[in-house]
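Proteins come first, then strands; the chains are lettered A, B, ... in the order of their sequence lines, and each starts at number 1.
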Amino acid sequence: MTRYNAADVEPKWQAAWDKAESFKANDNSDKEKYYALEMFPYPSGKIHMGHVRNYAMGDVVARYKRAQGFEVLHPMGWDAFGMPAENAAIEKSVHPKDWTYDNINAMRAPLKRLGFALDWSREFSTCDVAYYKQQQAIFLAFMEKGLVYKKTAKVNWDPVDHTVLANEQVIDGKGWRSGAEVETRELDQWFFKITYYADELYYALDGLERWPEKVRTMQKNWIGRSEGAQFKFGFAGKAPEGFDDGIEVYTTRPDTLFGASFVALTYEHPLIKSLMNGNEDLQAFAKACEKMGNTAQAIEKAEKLGVDTGLRVMHPFDETITLPVYTANFVLMDYGTGAVFGCPAHDQRDLDFARKYGLTVKAVVLPKGEDAKTFTVENEAYTGPGKLFNSDFLNGMGVKRGIVSAIARLEELGVGTKQVTYRLRDWGVSRQRYWGCPIPIIYCKACGALPVPAKDLPVKLPNDVKFDTPGNPLDHHPNWKHVDCPNCHKPARRETDTLDTFADSSWYFARFAGGNTDERPFDKEAASKWLPVNQYIGGVEHAVLHLLYARFFTRGLRDCGMLDLPSGEPFDGLFTQGMVTHATFKDKNGNWVLPADVDNKDGAFFEIDSGSKVTKGAIEKMSKSKKNVIDPADIIDGYGADVARWFVLSDSPPERDVEWTESGAIGAWRFAAKVWAIVSETSLEIAPVKDKDAALSLRRTAHKALAKITEGIDEFRFNTSVAQIYELVNALKKYKPNDKAKREALSIMTRTIAPFMPHLAEECWQHLGEHGFACDAPWPKFDSELLVKNDLTIPVQVNGKRRAEIIVTKNMPKSALEKLALAEPRVADNIAGKNIRKIIIVPERIINIVVG
RNA sequence: GCGGGCGUGGUGGAAUUGGUAGACACGCAAGACUUAAAAUCUUGUUCCUGUAUAGGAGUGCCGGUUCAAUUCCGGCCGCCCGCACCA
């Protein structure tokens, strides 16, 4: 017997797979296609355990589907644009490009050492000129299709770093890097018109049955579709100049219109802006609103405030009723029309506001069981169902019917319509950053904003940039932005903003599928063949952003005629995997200590170098800042890639977090050694079967395990597959004869281990004298007859408590079962002296004797 | 506040068309081998009573349906995640 040596075995098989091009996907295969994809990594410099887990899961799926006879596409690349490269440039004086490509090269090697069944021939980075050139082409195609536009928008502006920040990068009103108070600025920004697909993106979620419910719900909330009415309040008296049409409001509760007691507008509303001139109260109020900010805490604390404009409007259903017009701090400009009517009795904010300013509170929805004469609303608005009252023609209707009737009347009167509103806003993609895809636009004083002509693509990033001054290096560059207008050929200026890097990851899966060429983003036929991705795997942190943007992009590509994907859905199946966690350690000074520097002696922890005590803290996601990281490279060196892969798939269900422990890793390593020991002890000569019962029993175990392993992979419950493999291996270890039954079980074992520990599987496969690669071997089929035993052990209960077990044959009649059960001594003891009321017999499952 | 999810031994977790709760693994304990340790192997390991045969309790808590509930229903409690002045 030779000891299993992963360090020799793993590189050997990796080289063999490479040479045979085992995992190269064939675009022209006759087999059914299967596209397995994990979210591609950002090249931060190091592979971490989270990557290992993510790609190990994808690899199980890819190898399993391959074994089942699918033509599998399983590619890998790099999400390579982004801020960390620029930060490195600022801090370490390296060029972002060098930093990024160095990191990619540093990460590719350990990734390859993990032995994933990847088609490396399709590898690319999003910062490759070839890639971003095609992204520019897509941008221009979208522009032509009307999916790209420019507008002035409010953004978070960091006055120290001179850049726009995404909402996620603003923490407590301050820039996450500079710590400076973030300002709101109006800037010219490019937008992708994602709202064009709002309805489709919303309703198509229902069809994504292989997505986690959670993600679908999050996207639904994000898109925030709501149905209501949009209508106008006409002014009582003379309308302010330019607002002859009145004030347009949006509501989801037109049924409560007779409870209206005021109209409120945001301070940013054009009407308020026009009134502001010379009105100090309004100016002061607007300033206060600006300052308030929109953090969760600020909103929580903020009192409902407003200013009466002095204007009055007429109720659309009864012109004799007039309502005051306020500007109020709880109305938002970018939702609905920036104006609402207030119905204090049935909306908490409106109620708070009404109480503050002494406005009427008139209930119009009567909850069940309340009396119309006595029902009042004090400090809690009633938002539930009920019958409408105090509401003229709506009286007696329920809320739903009231909404329909109110809208019908508004339409009749010609002042409003039914209206669907979304929370989703268009995707602002302009970034004042260097390390991203340049937006292919040229500004000409005479001709305006013009797309860069296709023949002039790519707009390449200049290499000679400086990061010594804050702001966008492209803007600072001495001559890059100066070009001639493509139209009038006079001096013009390039757009110096780059695209949000989320654009890069919104179509990479199509390029993997459709070829990495310089002529087009991807081959339409090939991409359309492979897409949608059958199984996509990644972290839940991308539930909204990336996964929504990608769904937008594929629809845009479809409508530009570049992709044949009627559903528009890029990912048919989605799985969001849990994180890899690890215990944290702190020394006596409160500094974090690396697990590798900690020794465990009799339950206490010590720092290896100093010998001083350290304390074990919470088990948390592996992170550099808390130093609770395990470097996959160290694990591969110490135990092998198979062990690392096996560990992260064992024990915990894939969607939950898994805690990395040294003992668990050792356990996985022992298991690999055990498998090899069993196989290496097996001689190629097959002995005749001596003990038929034992042989049959082993075959049953093997086929039962196979059925459950298969089911576990199909249902993304790899931990249960792993447990079944353990059972099979334990049975094999006990079984000594080297007969046909054992060989069959070993073959099943090897092929079912292959997706999890592919190198070990190859080594076993070879030793067993099989031909070709284990990874090319078809997935074994189980014999369902072996799953059903002829002799079954079933429990006998008395009043629901198990008292005995009886051995029965498969088709034994109920009367015989009953006889057997009653004959059991323990059963007899427990029913002695009692009346048998009922005997429940579920054949092949259970017998329950009810006595009393 | 709204939405989603979860709660099972010392630990990670199995078992949900209702049918032997605790598979498998980690840890722990005892034993074998060894001068010794490591490794390996064997056995045990939900809790309580008992030497044992056995008996009782038990899947966050309370209640319900059922011959039978981790699983279904109602009501609580706790934890995690996401969104949040969205009219």
Atom pairs under 3.5 Å, N or O on each side, protein against nucleotides 48-58 of chain B: can you list them with distances?
{"residue": "B:G55", "atom": "OP1", "partner": "A:R803", "partner atom": "NH1", "Å": "3.4"}
{"residue": "B:G55", "atom": "OP2", "partner": "A:R826", "partner atom": "NH2", "Å": "2.7"}
{"residue": "B:G56", "atom": "OP2", "partner": "A:R803", "partner atom": "NH1", "Å": "3.2"}
{"residue": "B:A57", "atom": "OP2", "partner": "A:K801", "partner atom": "NZ", "Å": "3.4"}

Supply the atom-to-atom distance A:T309 OG1 to A:L265 CG, rounded to the nearest 0.5 angstrom.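 Interatomic distance, A:T309 OG1 to A:L265 CG, rounded to 0.5 Å: 8.0 Å.
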Note to self: So, taking the atom named CD in A:Q577 and the one named CG in A:N54, what distance separates them when rounded to the nearest 0.5 Å?
What the structure shows: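 Here the rounded value is 4.0 Å.
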P-based separation of B:C67 from B:U49 [nearest Å]
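Per the computed distance, 35 Å lies between those P atoms.
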Taking the P atom in each of B:A14 and B:A68, what is the distance between them to the nearest angstrom?
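B:A14 and B:A68 have their P atoms separated by 28 Å.
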State, yes or no, whether a side-chain contact exists between A:M579 and A:V540 at a heavy-atom distance under 4.5 Å.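 Heavy-atom side-chain distance check fails, nothing below 4.5 Å.
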Could you tell me whether A:Y726 and A:F671 have their ring centroids closer than 6.0 angstrom?
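Centroid distance A:Y726-A:F671: below 6.0 Å, so yes.
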Mind checking [X] for me? I need base, sugar-phosphate or nothing, with any heavy atom below 4.0 Å counting as a touch.
{"X": "A:Y250", "answer": "base"}
{"X": "A:V850", "answer": "sugar-phosphate"}
{"X": "A:R225", "answer": "nothing"}

Pairing string of RNA chain B (Watson-Crick or G-U wobble, both atom distances under 3.5 Å; | = paired to other strand) is (((((((..(((......[....)))((((((.......))))))((((....))))..(((((..]....))))))))))))....
inquiry  = Going by the rule salt bridge (charged side-chain N to carboxylate O under 4.0 Å, His left out), which residues pair with A:E213 if we only count those two or more places apart in sequence or in a different chain?
reply    =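 A:E213: salt bridge (charged side-chain N to carboxylate O under 4.0 Å, His left out) contacts with A:R216.
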